[in-house]
Amino acid sequence: MSERVVIVGGGVIGSLHAWEAVERGYEVVHLEADAEPRGATVRNHGLVWLTGRARGRDLDLALRARRRWAEIAGATGVTLRASGGLTVLYTEAEEAVARQAAELDGGRREFRVVDAEEARRINPALGGTFRAALHSPYDAILEPREVLPRLRAELRAREGYQWHGGRTAVDFAAGRVVDDLGHTHAGDRVIFCVGARREGVSARLLADAPLRRVRQQLVQTEPMDITVTTAVSDSLSLYYYPAYDVPARAALPRREPFDERHGVKLTISQRRGGEVTIGGAHLYDEPFDFAALEECDRRVIDRAERVLGRPLGRIARRWTGTYPTTLDGRGYVRREVTTGVTLVTAVVLGMTVAPAVAEETFEVFAA
Ligand SMILES: Cc1cc2nc3c(=O)[nH]c(=O)nc-3n(C[C@H](O)[C@H](O)[C@H](O)COP(=O)(O)OP(=O)(O)OC[C@H]3O[C@@H](n4cnc5c(N)ncnc54)[C@H](O)[C@@H]3O)c2cc1C
């Protein structure tokens, strides 16, 4: 008889664990508190974003995940656009950071610093005036609101997979989970992938986990009459991401205090329907302000218009999303909570690396 695993959490981390489990011949019982997941996974940019990853283990994980996403997309029909990414640079000091990052990368990401003309050949939507751009060809774009339903449709067609939407796990012990309807779900293993949700049993699980939560705010336009062929960011990201931890970074001027305080950085990705998603400000101090700040949106919209060299379409949607991230620079947290019960959370850029994290979990189980 095959082993059974109970997975709690229907976001990308839980769903990719379910995928990996089914591929390896486990029976899977999959619980999700909401009828349809509404967490970080459906609120994100959809970027499989290698550009900013730290060299070393972080990058290894992301490259592995990128290959795995291509396989999963092939098997499930999930849309994965091999778009590449461009980080737009305005000054000599910014270009120096990008050049050093490319040099230190040693060709693993095939980074290239290109001039503005070449950047526009790669992405004709970049109509603004800028100096150069860092091209990262392996970046890719998923459709955040399509991934989970597609994966689930494919899983449900497989034998041995059960989905229980609208069931909150309220208690657990070795080999079992109890849901809010009082049903007990037994398994040889239990995996909690509960994201940032801090209620009931999830709060208990996350209470002493080494993580902090981040709230991000972003906007989306109505469908636009341009094609943004790549993921796009700009030089504000040089201040944040470990890939840019190079000597030349010390020569960058300080950011504007507002941008620094609100973690403002630009990310642009276009949806299949033509809408352009633009983010975002990041809050790190809890309790988070319950309001979304207009000034944060205005700043990223200004930056996006500068890159695109044209006004954006009307903003049709605004939202925030919260995700957990590690405190100590590790790529994610996996810990055994009690015998046979594993917590996987705080996955940094979880949409990017979820498939590789899931593979690693089952490799640990098999070891
Ligand atoms: C605005 C924004 C933009 C982002 N952009 C990107 C990006 O472009 N690329 C990238 O790689 N990452 C991005 N991220 C991060 C990425 O979205 C997250 O790392 C990832 O989605 C986390 O997945 P998850 O499954 O852990 O969490 P979630 O998607 O939040 O899923 C957790 C699920 O667990 C369920 N759950 C919790 N407790 C229980 C319980 N007790 N019982 C049953 N179910 C429970 C919740 O209801 C939820 O559906 C972004 C995040 C945000 C918010």
Side-chain angles (χ1 to χ4, degrees), residues 6-18 29-53 61-62 65-66 69 85 139-145 147-148 151 164-172 177-181 185 190-206 211 213-220 231 233 263 265 267-269 277-283 288 292 300 318-326 331-333 343-358:
V6 181
I7 297 174
V8 181
V12 71
I13 304 299
S15 299
L16 267 296
H17 277 77
V29 178
H30 197 179
L31 306 184
E32 162 56 43
D34 291 320
E36 190 55 42
R38 308 163 57 84
T41 303
V42 299
R43 295 167 192 243
N44 68 33
H45 290 281
L47 299 186
V48 178
W49 201 61
L50 275 61
T51 303
R53 305 289 296 189
L61 193 71
R66 175 67 179 80
W69 265 125
D139 290 349
I141 303 178
L142 294 157
E143 290 300 312
R145 284 170 281 283
V147 168
L148 300 178
L151 274 172
H164 298 284
R167 300 282 187 91
T168 303
V170 294
D171 202 3
F172 67 91
V177 172
V178 181
D179 72 26
D180 52 348
L181 297 182
H185 305 273
V190 176
I191 310 174
F192 280 94
C193 306
V194 292
R197 203 153 168 160
R198 282 237 174 107
E199 296 153 35
V201 76
S202 305
R204 212 168 90 208
L205 282 160
L206 299 185
L211 57 84
R213 302 197 309 169
V214 182
R215 195 190 79 162
Q216 196 183 150
Q217 173 177 328
L218 36 79
V219 299
Q220 188 168 288
S233 43
K265 47 186 181 261
T267 307
I268 304 175
S269 57
T277 311
I278 303 154
H282 296 70
L283 294 183
F288 300 128
V300 289
R318 300 171 195 267
W319 66 88
T320 64
T322 304
Y323 56 94
T325 183
T326 51
Y332 65 95
V333 171
L343 170 69
V344 183
T345 187
V347 184
V348 178
L349 283 172
M351 193 72 159
T352 299
V353 296
V357 171

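Atoms within a ligand are numbered from 1 in the order they appear, just like the ligands themselves.
Among the atoms of Pro37, none of the N or O lies under 3.5 angstrom from an N or O of ligand 1. Taking only nitrogen or oxygen atoms, main chain and side chain alike, Met351 reaches within less than 3.5 Å of ligand 1. Between Val12 and ligand 1, at least one N/O pair is under 3.5 Å apart. Backbone and side-chain nitrogen or oxygen atoms of Ala33 are examined, and one is located within less than 3.5 angstrom of a nitrogen or oxygen of ligand 1. Polar contact check, Val201 against ligand 1: no nitrogen or oxygen pair lies under 3.5 Å apart.
Evaluated for a side-chain contact (heavy atoms from CB on, under 4.5 Å) with Leu211, the options Thr325, Leu206, Thr326 yield exactly one hit, Leu206. When each of Thr277, Leu218, Leu47, Asn44 is checked for a side-chain contact (heavy atoms from CB on, under 4.5 Å) with Thr267, only Leu47 meets the rule.
Numbered from 1 in the order shown, with element, the atoms of ligand 1 that lie under 4.0 Å from a heavy atom of Ser202 read 37 (C), 38 (N), 39 (C), 40 (C), 41 (N). Close approach of ligand 1 to Gly11 is summarised as follows: ligand atoms under 4.0 Å from at least one heavy atom of the residue are 25 (O), 29 (O), 31 (O), 33 (C). Listed by atom number, the atoms of ligand 1 under 4.0 Å from Leu47 heavy atoms are 7 (C), 8 (O), 9 (N), 10 (C), 11 (O). Ligand-side atoms of ligand 1 in range of Val347: 19 (O), range being under 4.0 angstrom from any heavy atom.
Under a 4.0 Å heavy-atom criterion, Tyr323 is in contact with ligand 1.
One option in Asp171, Asn44, Thr322, Asp139 has a heavy atom closer to atom 16 (C) of ligand 1 than any other, and that option is Asn44.
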